[in-house]
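Reckoned from all heavy atoms, side chains included, excluding hydrogens, waters and symmetry mates. When a ligand or atom number is given, it counts from 1 through the structure's own listing order.
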Amino acid sequence: MRGLLVGRMQPVHQGHLQVVKRILEEVDEVIIGIGSAQLSHTLKDPFTAGERVMMFTKALSENGIPASRYYIIPIQDIECNSVWVAHAKMLTPPFERVYTGNSLVQRLFIEEGCQVTAPPLYYRDTYSGTEVRRRMLNNQDWESLLPPSVAEVIKEIDGVERIQHLAKKEVSELNTDQSS
Ligand code: NAD
């Protein structure tokens, strides 16, 4: 049996890893859909789909999860929510179960007759992409929220510098707007 987990994974954190481990107790294979695959280089979505694939691949390998048990598939957003499930199904191997805590994602799969489970959240206040990116921006401890191999990927791609640089650009644009 196969299960699908979809998320933006901006970036992959300990919560994502824990939920994948939990899903693999219930299914033989997990499909990890990297959502909003077309987005990168913004404060909300700083990392490319390829970078997020690399983060998840290394985190799963680091935790001894064999490659035969997962597929990591980038999924671009589309304008029409009503056909997004069909779009996701076109890109992924077949699956019997969907795992998500996102109410929109739950609703869209339920309306297509899929079996949807909301997995438990692990320390959602800290294990969240928003909190990781906030800490990166403010030079606070972000590494402890991530699998060590993901922290290494972020260092390799200068991810913190990217986020801080993007933030400066947006502030300077604001200043330009105010002076004009
Ligand atoms: P996310 O990375 O915030 O979360 C993904 C999943 O990881 C969650 O549903 C949850 O199950 C799990 N998770 C997160 N933190 C956790 C924690 N601390 N403990 C345990 N589990 C945790 O991503 P998201 O915002 O849910 O991503 C949904 C994606 O689907 C987005 O990319 C969105 O654009 C896409 N989408 C697209 C369309 C469209 O294109 N029309 C429609 C619906 C959804």
Determine whether any heavy atom of [X] lies closer than 4.0 Å to an atom of ligand 1.
X    : answer
E79  : no
P120 : yes
G129 : no
M9   : yes

Exercise. Who's closest to atom 41 (N) of ligand 1 heavy-atom-wise, of V105, D45, N81?
Worked result: N81
Seminar exercise, completed: atom 6 (C) of ligand 1: of V19, I78, T100, V6, the nearest heavy atom sits on V6
Need the ligand 1 atom indices (1-based, order shown) with element for anything under 4.0 Å from a heavy-atom of [X].
X    : result
P119 : 11 (O)
L108 : 42 (C), 43 (C)
S36  : 31 (C), 32 (O), 33 (C), 34 (O)
G35  : 32 (O)
G15  : 17 (C), 18 (N), 19 (N), 20 (C), 21 (N)
Y127 : 15 (N), 17 (C), 18 (N)
Y122 : 17 (C), 18 (N), 19 (N), 20 (C)

For this session: Assign the ring pair F95 / F109 to parallel, tilted or perpendicular, where the plane angle (0 to 90°) is split at 30° and 60°.
Result: perpendicular
I'd like to know if [X] and [Y] make a salt bridge, using a cut-off of under 4.0 Å between side-chain N and carboxylate O.
X    : Y    : result
R69  : E29  : no
R2   : D28  : no
E111 : R107 : yes
E131 : R124 : no
K155 : E143 : yes

Counting non-hydrogen protein atoms only, what is the nearest one to [atom]? Give residue, atom name and distance.
atom                    : answer
atom 22 (C) of ligand 1 : L121 CD2, 3.6 Å
atom 9 (O) of ligand 1  : G101 N, 2.7 Å
atom 2 (O) of ligand 1  : H16 NE2, 3.0 Å
atom 26 (O) of ligand 1 : N102 ND2, 3.1 Å
atom 3 (O) of ligand 1  : R124 NH2, 4.0 Å
atom 39 (C) of ligand 1 : W84 CD1, 3.3 Å
atom 31 (C) of ligand 1 : R8 CG, 3.4 Å

Exercise. Using a distance-only test with no angle check, is there a side-chain donor-acceptor pair under 3.5 angstrom linking Y99 and E26?
Worked result: yes
Exercise. Looking only at side chains, do D77 and S36 share a donor and an acceptor under 3.5 Å apart?
Worked result: yes
Reported [atom1]-to-[atom2] distance for the pair [X] and [Y], which is rounded to 0.5 angstrom:
X   : Y   : atom1 : atom2 : result
T42 : K44 : OG1   : NZ    : 8.0 Å
Q38 : I75 : CD    : CD1   : 11.0 Å
N81 : H87 : CG    : NE2   : 11.5 Å

Exercise. Should the heavy atoms of other residues, nucleotides or ligands under 6.0 Å from CZ of R97 be counted, would the total exceed 12?
Worked result: yes
Exercise. Should V20 and L5 count as side-chain neighbours, where that means a heavy-atom distance under 4.5 Å?
Worked result: yes
Problem set entry | Side chain, backbone, both or neither: the part of H13 lying under 4.0 Å from ligand 1 by heavy atom | side chain
